[in-house]
There are 2 protein chains.
Amino acid sequence: MLTKRRERLNHELREEVLAAARELFATDGYHNVTMRKIAERVRVAPGTIYHHFDDKSAILAAICMETFGKLDKRMEALVTDRSGNPLERLRRGGRMYVQFGLEHPQHYALTFAIGDAMPKHDSVMSAGLKTFENLRLCVRDCVDAGLTRMQDVEEIAQSLWATTHGVVMLFLGKPGFPFIEQSRLIESVLDIAIEGIRKKT
Amino acid sequence: MLTKRRERLNHELREEVLAAARELFATDGYHNVTMRKIAERVRVAPGTIYHHFDDKSAILAAICMETFGKLDKRMEALVTDRSGNPLERLRRGGRMYVQFGLEHPQHYALTFAIGDAMPKHDSVMSAGLKTFENLRLCVRDCVDAGLTRMQDVEEIAQSLWATTHGVVMLFLGKPGFPFIEQSRLIESVLDIAIEGIRKKT
DNA sequence: ACAATAATTGAACAGTGTTTAAATGTTGAC
DNA sequence: GTCAACATTTAAACACTGTTCAATTATTGT
């Protein structure tokens, strides 16, 4: 049987591992962090971690879930407030999405990194789906308000996702490139996308 | 001294390594391919490869350069032909760029993947820059023809790059996601982007 | 033929994520 | 308190990685 005290201790160690890993991943990058480094920081044998996480990628998956939870919260707050032009709400949502990605490069990159570099976890993926659901809602408002050129909500939503995703990945993936000022590029991309779906009057 | 015959043999082995690696990387993914597997396929000791390549990533870098050379060729053919609407040429260029990325996921990912997952090689990066130069040219034509809402060539070019890049990365990074039909999403993104920069008449 | 040079080898090295048998802690029933 | 049952931790080992290196083999110029 699992006593309350024991359960709490387990949970505490789990959190310590997560805290150590969160910090290390962010500074050194996932692939440069070893299980032994994490274990050392928590002052525990490497094997111990495997009683709290299935494997290394499960640690990152847990961290990503947290992070995407935060994104979801911010997103939902934006969507719930249904005042103002839906297209402008869409723009704000996109802006927030991009900024979030740039603020959490390691987490963002690893949920979207190409297959073999990083194992995929369904849990993280479904967390991302939840965020996308909010985007869908926002788009639906625009379509229903008759503000859009096209009618297919799914098509528009996925297109916008691809667009914002592209800005984030470009900044993260090519830090050495001579980009124009960051916020200007972001606004430009958002502007083009919004104008691209807006119905001409 | 290095005899002609010897130089040819060296070159041949180098090409054999590249051929083996090209195939293995494409099917199994960079991180699942070991130097020993490549060596075994070329029927050579693992150490031998290091007389022809600095390290594992140098092999991929060489392959990427080849690949991006092909992209450049296709791109240039498109840009050189200056007939027809420049905006439509831009659309065709974007379509080709996305298709190319999806046809060479491993290579595309290397040049754009986030730092720690894959090592960066300046040679590959500058190859990518050359492609971007073509995009810039295409955009300039549109601006000069007075077809665009905005005037800043660099701003438009970078925005369009981010957009097309986003489509590629989304497909590559989230293969399990219930996307709408691939070509439909691609056309939709391109359409939104083109309409987003087009001057209203 | 014989040094000099270049290419190849297979073993070794330092590191990785993960597994496992043994040791240690903790718990609940007697 | 005792003791068996269970949970947790540990250090050592495993199988694997990319890479290095002395020794071996092959090729070259004289």
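Labels below follow one simple rule: chain letters A, B, ... track the order of the sequence lines, proteins then strands, and each chain is numbered from 1.
With sequence neighbours excluded, the residues that form a side chain to side chain donor-acceptor pair (under 3.5 Å) with B:Ser83 are B:Asp81. Qualifying side chain to side chain donor-acceptor pair (under 3.5 Å) partners for B:Arg184, counting only residues two or more places apart in sequence or in other chains: A:Asp152, A:Glu155. Applying the side chain to side chain donor-acceptor pair (under 3.5 Å) criterion to B:Arg43, with sequence neighbours excluded, gives no partner residue. Partners of A:Thr164 according to the side chain to side chain donor-acceptor pair (under 3.5 Å) rule, which considers only residues two or more places apart in sequence or in another chain, do not exist here.
Comparing the local axis fitted to the first five base pairs of the helix from C:dA1-D:dT30 to C:dC30-D:dG1 with the one fitted to its last five gives a bend of 10°, rounded to 10°.
Listed by first and then second residue, the salt bridge (Lys or Arg N to Asp or Glu O under 4.0 Å) pairs involving residues 123-149 of chain A are A:Asp72-A:Lys130, A:Glu76-A:Lys130, A:Arg82-A:Asp141, A:Arg89-A:Asp141, A:Glu133-A:Arg136, A:Arg136-A:Glu154, A:Arg149-B:Asp191 (not counting sequence neighbours). For residues 51-71 of chain B, the salt bridge (Lys or Arg N to Asp or Glu O under 4.0 Å) pairs, not counting sequence neighbours, are B:Arg22-B:Glu66. Sorted by first and then second residue, the ring-ring contact (aromatic ring centres under 6.0 Å, His included) pairs with a member in residues 136-158 of chain B form an empty list; sequence neighbours excluded. Residue pairs meeting the salt bridge (Lys or Arg N to Asp or Glu O under 4.0 Å) criterion with at least one member in residues 173-183 of chain B, sequence neighbours excluded, do not occur. Evaluation of the ring-ring contact (aromatic ring centres under 6.0 Å, His included) test over residues 130-160 of chain B, restricted to residues two or more places apart or in two chains, returns A:Phe177-B:Phe132, B:Phe132-B:Trp161.
Atoms CD and CG, on A:Gln158 and B:Leu170 in that order, are 8.0 Å from each other to the nearest 0.5 Å. From B:Ser183, atom OG reaches atom CD of B:Gln99 across 9.0 Å, with rounding to the nearest 0.5 Å.
Atom CZ of B:Arg43 is separated from atom C1' of C:dG10 by 18 Å (rounded to the nearest Å). In this structure, the CD atom of B:Glu40 is 11 Å from the P atom of D:dT17, given to the nearest Å. The nearest whole Å value for the distance from the CZ atom in A:Arg8 to the P atom in C:dT26 is 13 Å. As rounded to whole Å, 14 Å separates atom P of D:dT17 from atom OH of B:Tyr30. Atom CE of A:Met35 is separated from atom P of D:dT9 by 14 Å (rounded to the nearest Å).
Comparing B:Ser57 and B:Leu9, the nucleotide of DNA chain D nearest to each residue sits closer to the 5' end for B:Ser57.
Within residues 46-56 of chain B, the residues approaching DNA chain D are B:Gly47, B:Tyr50, B:Asp55, B:Lys56, by heavy-atom distance under 4.0 Å. Sorted by residue number, the list of members of residues 11-26 of chain B with any non-hydrogen atom under 4.0 Å from DNA chain D is empty.
Taking 3.5 Å as the limit, the base of C:dG17 and the side chain of A:Arg36 contain a donor-acceptor pair of atoms between them.
Contact annotation: A:Asn10 does not reach the phosphate of D:dA7 (side-chain N/O to OP1 or OP2, under 4.0 Å).
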